[in-house]
A.B. asks: 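Attaching a single structure in structure tokens format; questions to follow.
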Amino acid sequence: MIVVGDGDQAAAVERLRSELEERGWFDDDQKQQPPAFPERVGIVTSLPRDAQYDIQSMTIPKPSVPTSVTNGIC
């Protein structure tokens with residue numbers, strides 16, 4: 001039998017979702033609220049990084065908030 005409409009990738013995603021659901025990763029009691037005032041925000045972007053400049057131009061540096069920009073490929 002050949003399944004038409006759902007590919008291998010969709011089947012793999014469904015298998016992963018089922019596995020994570022069995023582990024309880026989607027249970028409401030496992031969820032955490034994000035902090036009201038985060039200490040840090042991370043931006044992940046490609047090397048031609050216009051997003052980095054957009055973020056830097058839109059934020060106002062404050063003395064009490066540590067600011068750093070790191071470029072690197074892991």
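Predicted model only: the values in this text are computed from it and were never measured.
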A.B. asks: Just jot down the salt bridge (Lys or Arg N to Asp or Glu O under 4.0 Å) partners of Arg23, sequence neighbours excluded, or say none.
C.D. replies: Glu19
A.B. asks: What residues form a side chain to side chain donor-acceptor pair (under 3.5 Å) with Glu14, not counting sequence neighbours?
C.D. replies: none
A.B. asks: Could you pull out all residues at least two apart from Asp28 that satisfy side chain to side chain donor-acceptor pair (under 3.5 Å)?
C.D. replies: Lys31
A.B. asks: At what distance, to the nearest 0.5 angstrom, does CG of Leu16 lie from CD of Glu21?
C.D. replies: 11.0 Å
